[in-house]
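Throughout, a chain's letter reflects where its sequence line sits, starting with A, and its residues are numbered from 1.
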There are 2 protein chains.
Amino acid sequence: MTETAYPNEARQEAATSAGGERKRGIDRVIILLEALLRQRAPMRVGDIARLIGAPRSTTYEIVNRLLEADMLETVGADGHVYFGRAMHLFGWAYSHHNAHYPRIVETLDRLAADSGETAQLCGLRGNKYVVLDCRDSTGPFRISSQVGVEVPIPWTASGRLLLTHMSDEAVRAFVPAEDYRLPDGRVIPQEEFLADIALARRQGYSESAALADRFTWCLAAPIRDGRGSVTLTLCFVLPVDTPEPRRIELLAMLRERTASLDLMGE
Amino acid sequence: MTETAYPNEARQEAATSAGGERKRGIDRVIILLEALLRQRAPMRVGDIARLIGAPRSTTYEIVNRLLEADMLETVGADGHVYFGRAMHLFGWAYSHHNAHYPRIVETLDRLAADSGETAQLCGLRGNKYVVLDCRDSTGPFRISSQVGVEVPIPWTASGRLLLTHMSDEAVRAFVPAEDYRLPDGRVIPQEEFLADIALARRQGYSESAALADRFTWCLAAPIRDGRGSVTLTLCFVLPVDTPEPRRIELLAMLRERTASLDLMGE
DNA sequence: CACTTATGTCCGATATACTGTACACCTTGC
DNA sequence: GCAAGGTGTACAGTATATCGGACATAAGTG
């Protein structure tokens, strides 16, 4: 794990006003953790300070406190830090608070194992889509995905399912206008997106080709919580040239197994 | 997830001096998260305030900030809060920073599935032992275990393996005297514990019967990191009356599969 | 009903956490 | 050797986060 996940777009998180604004510790902590999550790699304290736009002295203070608490951990010998074991335990507690989570993960495992394709567990974070867990394809040409990276909702098949509990009006208010613009510059008309959501609601699944990128075909199916809302989805991420019969077969597998997770209270 | 994991020992975390000591936000946050981890259940803000010995107004302030950041999440309709999705992502990033983590979890899965017994992934947190992940037995009499609960190192078979990289002197300095006292009142002589560690080092596994409680027999095997230290272990938690041939069979399975995870840098 | 106990919000005062700056130390480059 | 640039620590001042207390509201109790 020596390379950063993405071409390092060293944008500053909070340095809109470079001038010294005093911020409280909690805010610094939150910004720091989010920055580490985006970086997806251990960082040195000096770099963290620069990235989050905090004074070096403050950053040392905070990092040391978080190290003490095990929320951060030193990595290697040259002052890099990354998330610590406490975070694992907090995160585990979060996931497993839903008593059915182990079954969901088991289903994810089996989907990936039986198909050999990349499978993901997806949800929302604020008004963005995130991958919560994944099993990468075993094939030679892996389509791997980034857990924790926020993606505009309209870029994804799962995103359509995750908004099925909302009215058109609510969706319009929820999704930022700029999120309709795809990475390649195409813009999805809002009405088309709303129709996609309605279709996903009727069908009980969602499918999208070459949406976020030109190489993938996504199949997504909803996991309904106790009140019938879709808060999680399972999906396959396939090469875009996957033959139709294969796609149909995989969709059936996905829908069948995901449906068996329904009707479970959260 | 309605019941608390352990008989609710409503001890206060920080209320040694009930008198008002001003504390900074970061410290409150850390204490709050640790309290939530021990409670293993959503709590209301008022209860949190009492538990961590913080003023109500401060607690509201902090909880609301953490809710905004998605580090906490409201649960149900009556003001309960618990860990939020951000924690999941931070924790995921922590675990998967070790590129071999998926293989470790897969091994854990297979151990549990193939044996039908309870299997755990264990490590240290500070000078305590913690379960990092587990797969509960499928049998009718489940021995289930608590991820994230801190346990004195001498109470566990894995604990002996996790100290094999330390000198006797280092172990003496590391393990608090009171941790040698078992729940039933017996006290493990320090020399015996040191001998256990030496044995574990020679054997490459550790075994313990009726240690932390009278009902379990534990088998543990080490996962060595790049430098040969044992930072993680895999273990079986068996009913204490498991017949010896079965124990031998399971130990062989455990050692074989765990060994295949060795030689991997962290 | 009155009484108790809880929640969630607001506000002024003050103890202090955060900041800027300085320092000692190490490495790198020329 | 000297300058440049990094790390990690230390300290005093001040902007402000924390705290205690007050308030309105709601729920439970006898």
Give me the distances for all protein-to-nucleotides 12-17 of chain D N/O pairs that come in under 3.5 Å?
from	atom 1	to	atom 2	distance (Å)
D:dA17	N3	B:R22	NH2	2.8

Rounded off to whole Å, could you give me the [atom1]-to-[atom2] distance for the [X] and [N] pair?
X	N	atom1	atom2	answer
B:E61	C:dT7	CD	P	17 Å
A:D78	D:dG6	CG	C1'	12 Å
B:Y60	D:dG20	OH	C1'	16 Å
B:D27	D:dC19	CG	P	10 Å
B:N64	C:dT7	CG	C1'	12 Å
A:L66	C:dA17	CG	C1'	15 Å
B:R44	D:dA26	CZ	P	17 Å
A:L67	D:dG8	CG	C1'	13 Å

OP1, OP2 of C:dT19 versus side-chain N and O of A:S57: anything below 4.0 Å?
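Answer no for this pair, as no side-chain N or O of A:S57 is under 4.0 Å from OP1 or OP2.
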State whether B:T58 places a side-chain N or O below 4.0 Å from either non-bridging phosphate oxygen (OP1 or OP2) of D:dT18.
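Checking B:T58 against D:dT18: no side-chain N or O falls below 4.0 Å of OP1 or OP2.
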Check: B:L162 and B:I153 side chains under 4.5 Å, non-hydrogen atoms:
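Not touching, per the 4.5 Å side-chain cut-off.
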Taking side chain as C-beta onward, heavy atoms only, is A:V149 less than 4.5 Å from A:V131?
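Answer no - side chains too far apart.
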For A:I26 and for A:G79, find the nucleotide of DNA chain D with the closest heavy atom, then tell me which residue's nucleotide is more 5'.
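The residue mapped nearer the 5' terminus is A:G79.
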Restricting to non-hydrogen atoms, name the atom on B:L36 and the atom on B:A41 that form the minimum distance, rounded to 0.1 Å.
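Reported closest heavy-atom pair: CD1-O, 3.9 Å.
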Distance only, no hydrogens: is a donor on one side chain within 3.5 Å (strictly under) of an acceptor on the other, for B:D78 and B:H80?
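The criterion, which ignores hydrogens and geometry beyond distance, is satisfied for B:H80 and B:D78.
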Quick test of your reading of the model: are B:E61 and A:R24 salt-bridged, counting only N-O distances below 4.0 Å?
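Here B:E61 pairs with A:R24 in a salt bridge, since their nearest N and O are under 4.0 Å apart.
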Check: A:L132 main-chain N/O paired with B:H88 side-chain donor or acceptor under 3.5 Å:
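Pair found, side chain donor or acceptor close to backbone of A:L132.
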base_contact_polar (D:dG8 base, A:R56 side chain, donor-acceptor, <3.5 Å)
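Under the 3.5 Å cut-off, the side chain and the base do form a donor-acceptor pair.
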Please round to the nearest 0.5 Å and tell me the distance separating atom OH of A:Y101 and atom CG of A:L108.
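Interatomic distance, A:Y101 OH to A:L108 CG, rounded to 0.5 Å: 8.0 Å.
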